[in-house]
There are 2 protein chains.
Amino acid sequence: MREAEQTRQLILDVTSEEIHKNGFQATSLSTILTQCNISKGALYHHFANKQELGYAVFEEIYTPMFLSMWEPAVTQEDPIQGLCDFFESLAKDMSCEEVICGCPVNNLSQEMACVDEGFRLRILAMQQKLNTLISENLRRVSEQLRSDLDYSQVSYFIVSAFHGSSSLSKSTQNKALFQTVMAELCVYIKSLQKN
Amino acid sequence: MREAEQTRQLILDVTSEEIHKNGFQATSLSTILTQCNISKGALYHHFANKQELGYAVFEEIYTPMFLSMWEPAVTQEDPIQGLCDFFESLAKDMSCEEVICGCPVNNLSQEMACVDEGFRLRILAMQQKLNTLISENLRRVSEQLRSDLDYSQVSYFIVSAFHGSSSLSKSTQNKALFQTVMAELCVYIKSLQKN
DNA sequence: ATTATAACCGACCGGTTGGTTTGTTGTAAA
DNA sequence: TTTACAACAAACCAACCGGTCGGTTATAAT
């Protein structure tokens, strides 16, 4: 009964990596089974089907990972500086594998949102959570920012630019390109401040 | 001999739509055959395999469509205004289907760049073409723009933001969100001008 | 010790995939 | 009219897919 949870977690971990590399639809159960060194019966004991396994990966792996990545950047005293530092360190420390595979959340969103309603709703919920996280922390320091800002709009733009550059660097497999766009994103973010 | 080219074109058109809707890997040959009302022999007479068919769609459909979409926006007298008009009309006239399916080029790039080298190289070439198209036309009016600009960097940022917002609106299936981010992108673009 | 059930195994299933092969038809040059 | 080849048609193939199911083992309560 104790190892059961370990098996479940192993399946989630392996599956999340495999989805990150190949996408959800192109990830076959057989490769998951091989990597986990378990049988098909074991997998179907823990998850009803492939779809439910995908949902579990998104909810238990991707969403927490993604939100906890952004959270410290905006909750610190100066979210403007926090975001810039975040993007810079991201561009600097990103491994070549991460450049090639892209952002897991972005990948899965692109692939599954228009195909599977369950994924779409989960993605939507996560995006809204992220938007309020960013926009509310910007509003927190609104006295330092320009008066003409629509915080929700700005937040969505920042996330869009991030995902877009992650896409671009992934599709061209060019890390320098990611750094370039991140640098310009920082220029934009700092332009939100007064003066 | 005359209808042969028509058949080939029909296959390309149907396949490009199907890839746009479902992605390349999830598009099966059988659905293409059904929609074209042809046999498998006919398809394999015109294309060596599914991969080559995909390459042909990218080169003969997607790339010209994508470049001809951007080109008039930046080649007019004022590329800054041209880009803003372009994005605004795009956000306004975009059909719900286009919102849901996203940008075909962006979709295919995301899906195939890290999986298939042939796709990656074609995508890379197209992105570089687009970048020079935008950056050279910005440089053309450099006397109207800020002096601290890196034109290539700015161009990549614009394209990234565009793809990112197209991604976001696709994954959330929210047209208003696309308009929102496009509006903020125009704000950014206009900030490139002097004063 | 018995019993119940969670945890897991692996053979099997129908269906689909991309791809091959053999055969037919239309057309155009010789 | 014969010949040659482009342009298809359709049956067929092995491989793989997600999913099912009957059976086995381990564990924990009774």
Side-chain angles (χ1 to χ4, degrees), chain A residues 1-58 60 107-108 111-112 114-119, chain B residues 1-60 107-108 111-112 114-119 122:
Chain A
M1 310 298 169
R2 191 69 202 87
E3 293 184 11
E5 190 56 32
Q6 283 187 8
T7 303
R8 197 187 121 94
Q9 202 59 42
L10 177 63
I11 295 173
L12 286 177
D13 291 341
V14 167
T15 305
S16 72
E17 280 181 30
E18 224 38 47
I19 291 179
H20 190 192
K21 283 187 210 157
N22 315 318
F24 176 75
Q25 299 177 100
T27 293
S28 73
L29 299 183
S30 65
T31 67
I32 295 174
L33 301 180
T34 303
Q35 285 196 47
C36 289
N37 200 26
I38 61 170
S39 68
K40 189 164 278 192
L43 194 151
Y44 273 85
H45 172 74
H46 289 284
F47 302 95
N49 48 38
K50 193 191 179 188
Q51 193 181 42
E52 291 297 328
L53 171 58
Y55 293 167
V57 166
F58 187 82
E60 300 177 38
N107 293 356
L108 196 57
E111 182 189 2
M112 298 307 295
C114 59
V115 167
D116 186 291
E117 186 74 1
F119 274 115
Chain B
M1 310 295 172
R2 192 69 202 88
E3 293 184 10
E5 190 55 34
Q6 282 186 7
T7 303
R8 197 188 122 93
Q9 203 59 42
L10 177 64
I11 295 173
L12 286 177
D13 290 342
V14 167
T15 305
S16 72
E17 282 181 28
E18 228 32 52
I19 291 179
H20 189 193
K21 284 187 210 158
N22 316 316
F24 176 75
Q25 298 176 100
T27 293
S28 74
L29 299 184
S30 65
T31 66
I32 296 174
L33 302 181
T34 303
Q35 284 196 46
C36 289
N37 200 27
I38 60 172
S39 68
K40 190 164 277 192
L43 194 151
Y44 272 86
H45 171 73
H46 289 284
F47 302 97
N49 48 39
K50 192 191 179 187
Q51 195 181 43
E52 292 295 329
L53 172 58
Y55 292 167
V57 166
F58 187 82
E59 288 176 350
E60 300 177 37
N107 292 356
L108 196 57
E111 182 189 2
M112 298 306 296
C114 59
V115 166
D116 185 291
E117 187 74 359
F119 274 114
R122 286 166 173 83

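Residue numbers begin at 1 in each chain, while the letters A, B, ... track the order of the sequences. In what follows, every heavy atom counts, from backbone to side chain, and hydrogens, waters and symmetry copies are set aside.
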Report summary line: CD of A:E111 to CG of B:N22, rounded to nearest 0.5 Å, is 11.5 Å
Requested in this report: Remember a base hit wins even if backbone is also touched, and classify B:T31 as base, sugar-phosphate or nothing at under 4.0 Å, heavy atoms.
Outcome: nothing
Query raised in the report: Counting just side-chain N and O atoms, does A:T7 come under 4.0 Å of either OP1 or OP2 of C:dA7?
Result: no
Query raised in the report: Checking B:K50 against B:Y55: charged group under 6.0 Å from the ring centre and within 45 degrees of the axis?
Result: no
Query raised in the report: Is the phosphate of D:dA10, meaning OP1 or OP2, less than 4.0 Å from a side-chain N or O of B:S39?
Result: no
**Report entry** Closest listed nucleotide, where the reference is the side chain of B:S28 and the choices are C:dG18, D:dA7, D:dC17
**Finding:** C:dG18
Report summary line: Ranking A:A26 and B:G41 by the position along DNA chain D of their nearest nucleotide, the one closer to 5' is B:G41
Requested in this report: Determine, step by step, whether A:E60 and A:R8 satisfy the salt bridge (Lys or Arg N to Asp or Glu O under 4.0 Å) criterion, reporting the C-alpha distance in whole Å, the side-chain angles of both residues, the deciding distance to 0.1 Å, and the verdict.
Outcome: CA-CA 11 Å; A:E60 300 177 38; A:R8 197 187 121 94; 2.5 Å; yes
Query raised in the report: Would one find a side-chain N or O of B:S30 under 4.0 angstrom from OP1 or OP2 of C:dG18?
Result: no
**Report entry** Whole-Å gap separating C1' (D:dA10) and CG (B:N37)
**Finding:** 14 Å
Query raised in the report: With a non-hydrogen cut-off below 4.0 angstrom, is A:L43 in contact with a base, only sugar-phosphate, or nothing?
Result: nothing
Query raised in the report: Which whole-number value in Å describes the distance from B:Y44 OH to C:dT17 P?
Result: 12 Å
Query raised in the report: Could you state the CD-P distance from B:Q51 to C:dT17, rounded to the nearest angstrom?
Result: 19 Å
Query raised in the report: To the nearest Å, how far apart are B:E18 CD and C:dT17 C1'?
Result: 15 Å
Query raised in the report: Whole-Å distance between D:dT27 P and A:E5 CD?
Result: 17 Å
Report task. Report yes or no: is there a donor-acceptor pair, N or O only, under 3.5 Å between the side chain of A:K50 and the base of D:dG19? Result -> no
**Report entry** A:L29 CG - D:dG18 P separation (whole Å)
**Finding:** 4 Å
Query - Rounded distance (Å) that lies between atom P of C:dT25 and atom CD1 of B:I38 - result: 19 Å
Query raised in the report: Using a cut-off of less than 4.0 Å, is there contact between a side-chain N or O of A:H46 and OP1 or OP2 of C:dA6?
Result: no
Report task. State, with a plain yes or no, whether a side-chain heavy atom of B:F47 is found less than 4.5 Å away from one of B:T15. Result -> no
Query raised in the report: DNA chain D: B:K40 or A:T27, which has the more 5' nearest nucleotide?
Result: B:K40
Query raised in the report: Once you round it to whole Å, what is the distance between P of C:dT20 and NE2 of B:H45?
Result: 16 Å
Query raised in the report: If we only count heavy atoms from C-beta on, is the B:I32 to B:L53 side-chain gap below 4.5 Å?
Result: yes
Query raised in the report: With respect to the side chain of B:A42, which nucleotide from D:dA11, D:dA9, D:dG19 is positioned closest?
Result: D:dA9
